[in-house]
Amino acid sequence: MDKNKTYELVVKQVESLLEGENNTVGQLANAAALLHETMGWWWTGFYLIKDGELQLGPFQGPIACYRIKHGRGVCGTAWAENRTIVVPDVEQFPGHIACSSLSRSEIVVPLRNSDGEVTGVLDIDSKDLATFDETDAHWLEEIARVIERTL
Ligand code: SME
């Protein structure tokens with residue numbers, strides 16, 4: 001299926017999955033599971049800001065590092081710069097944090113509060129190079145807008 005069509009469906013599924021629930025951990029876990037299973041990525045999950053650093057939240061995939069500092073790695077850079085970062089080849093990203101040696105490409109999308117401040121990130125890794133492009137960035141930002149309402 002065309003990537004845009006797949007994402008259109010996924011946005012609707014995420015909306016209905018999160019609706020009417022107030023268990024944030026469960027909602028984030030289900031959102032990660034839905035995205036991961038549907039899209040076939042290697043690692044799909046959340047880091048949330050707590051005590052001035054990004055701390056590991058619900059995810060699907062191999063074990064991951066617990067804490068990431070502001071400005072460090074792809075996640076900490078997305079936080080510091082308050083923008084989505086697409087990394088076609090993680091080996092070319094200075095300071096990339098390799099939680100899994102099998103990750104080859106990555107996208108990190110900030111989650112924000114109503115003041116536009118970053119409260120966490122949606123982080124996705126792929127075992128293939130250049131998995132993510134501007135289409136993924138566009139749709140994952142739509143999905144982030146839905147998910148951040150649960151925080
Ligand atoms: N690669 C990330 C660290 C988190 S793992 O990918 C799950 C980074 O550089 O911030």
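Since this is a predicted model, take the numbers as computed values, not measurements. FYI, the numbering just counts along the sequence from 1. Note that ligands are numbered from 1 as they come in the structure, with each ligand's atoms numbered from 1 the same way.
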J.: At less than 4.0 angstrom from any non-hydrogen atom of H96, what atoms of ligand 1 do you find?
T.: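 Answer, ordered by atom number: 1 (N), 9 (O).
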
J.: So, applying side chain to side chain contact (heavy atoms under 4.5 Å, CB included) with F46, which one of L111, L56, V121 is it?
T.: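 Testing F46 for a side chain to side chain contact (heavy atoms under 4.5 Å, CB included) against L111, L56, V121 leaves exactly one candidate, L111.
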
J.: Between V74, D123, I124, flag the one that comes closest to atom 8 (C) of ligand 1 by a heavy atom.
T.: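 Considering heavy atoms of V74, D123, I124, the nearest to atom 8 (C) of ligand 1 sits in V74.
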
J.: So, S103 and W43: side-chain donor and acceptor under 3.5 Å apart, yes or no?
T.: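 No, because no side-chain N or O of S103 sits under 3.5 Å from a partner of the opposite role on W43.
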
J.: Does at least one non-hydrogen atom of F93 fall below 4.0 angstrom from an atom of ligand 1?
T.: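 So F93 does not count as touching ligand 1.
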
J.: Are V108 and V146 connected into the same hydrophobic cluster when the rule is that any two of I, L, V, M, F, W, Y join if their side-chain heavy atoms are below 4.5 Å apart?
T.: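 The answer is no; the residues belong to distinct hydrophobic clusters.
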
J.: Does atom CZ (R112) have a neighbourhood of more than 12 heavy atoms from anything else shown, all under 6.0 Å?
T.: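 Counting other residues, nucleotides and ligands, CZ of R112 exceeds 12 neighbours.
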
J.: Any N/O of C75 closer than 3.5 Å to an N/O of ligand 1?
T.: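 The answer is yes, given that C75 and ligand 1 share an N or O pair closer than 3.5 Å.
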
J.: Would you say C99 and ligand 1 have an N/O pair spaced under 3.5 Å apart?
T.: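 In this structure, C99 places no N or O atom under 3.5 Å from an N or O of ligand 1.
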
J.: Measure from the side-chain N and O atoms of D128 to the backbone N and O of T131, and report whether any donor-acceptor pair falls under 3.5 Å.
T.: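 Not confirmed, D128 side chain does not pair with T131 backbone.
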
J.: Under 4.0 Å, heavy-atom basis, I'd like to know which part of Y47 is in contact with ligand 1: side chain, backbone, both or neither.
T.: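 Near ligand 1, Y47 shows its side chain, while the N, CA, C and O stay back.
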
J.: Can you tell me the protein heavy atom closest to atom 1 (N) of ligand 1 and the distance?
T.: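 The protein heavy atom lying closest is I97 O, 2.7 Å.
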
J.: With heavy atoms of W43 as the reference, note each atom of ligand 1 found under 4.0 Å away.
T.: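 Result: 7 (C).
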
J.: Among protein heavy atoms, which lies nearest atom 6 (O) of ligand 1, and at what distance?
T.: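 Its nearest protein heavy-atom neighbour is D125 OD2, 2.8 Å.
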
J.: Linking I/L/V/M/F/W/Y whenever their side-chain heavy atoms sit closer than 4.5 Å, directly or via other members, would F132 and I97 fall into one cluster?
T.: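 In one cluster with F132: I97, no.
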
J.: Tell me, which protein residue and heavy-atom name are nearest atom 2 (C) of ligand 1, and how many Å apart are they?
T.: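 Of the protein heavy atoms, E106 OE2, 3.1 Å lies nearest.
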
J.: Does one hydrophobic cluster hold both I68 and L122, with members joined at side-chain heavy-atom distances below 4.5 Å?
T.: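 I68 does not cluster with L122.
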
